Amino acid sequence: MTLGEWLDSRTPPAPPALLARMRSALGDRLTLPAEKADALCLAAGEALLADLLASGRTSRDGAIDLLAADGLVTYAFEAASERPAGPDGLARDAIEWIARVPARLSGAEPVSG
């Protein structure tokens, strides 16, 4: 199963506009194995959030992107919870990334995604 197929199998499904934006943010990652859904969704959500903050689009015009970033991170944790090891490592990675956002946006640390 690919990440795209896994994403489409979520119930209840995301609203169509939100799902389309998440799929767009995932891009080529959609063809990768679903076993990597946690890392792939987290990376796409992080990149989307970093782009939003870096561009200053924090008002209503960026709402769909903010919702998509949130949805991707939520799906990352959902995918991690489906594995025997659970979401502990993913939670640590997400917290570390969020803690570094200010440095990334100031140029002190490169933004990755």
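Everything numeric in this text was worked out from a predicted model, so none of it was measured.
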For R23, what residues pass the side chain to side chain donor-acceptor pair (under 3.5 Å) criterion, not counting sequence neighbours? D8

How long is the span from the CH2 atom in W6 to the CG atom in L30, to the nearest 0.5 Å? 11.5 Å

In Å and rounded to the nearest 0.5 Å, what is the CE to CD1 distance from M22 to I64? 8.5 Å

Which residues pass the side chain to side chain donor-acceptor pair (under 3.5 Å) test with S24, not counting sequence neighbours? R21

So, for C41 and L3, which heavy atoms are closest and what is the spacing to 0.1 Å? SG-CD1, 4.1 Å

Those residues at least two apart in sequence (or on a different chain) that pass side chain to side chain contact (heavy atoms under 4.5 Å, CB included) with D28 are none

Answer with yes or no whether the hydrophobic clustering places L19 together with L32; edges join I, L, V, M, F, W, Y residues whose side-chain heavy atoms lie under 4.5 Å apart. yes

Result for side chain to side chain contact (heavy atoms under 4.5 Å, CB included) between L48 and one of D65, L26, L66, L53 points to D65

Under the salt bridge (charged side-chain N to carboxylate O under 4.0 Å, His left out) test, which residues partner R10, sequence neighbours left out? E78, E82

Name every donor-acceptor pair, under 3.5 Å, that has one atom in a side chain of residues 67-75 and the other anywhere in the protein, sequence neighbours excluded.
residue : atom : partner : partner atom : Å
T74     : OG1  : D70     : O            : 2.9

By side chain to side chain donor-acceptor pair (under 3.5 Å), which residues pair with S9, not counting sequence neighbours? none

Residues that E5 engages under side chain to side chain contact (heavy atoms under 4.5 Å, CB included), provided they are two or more places apart: M1, T2

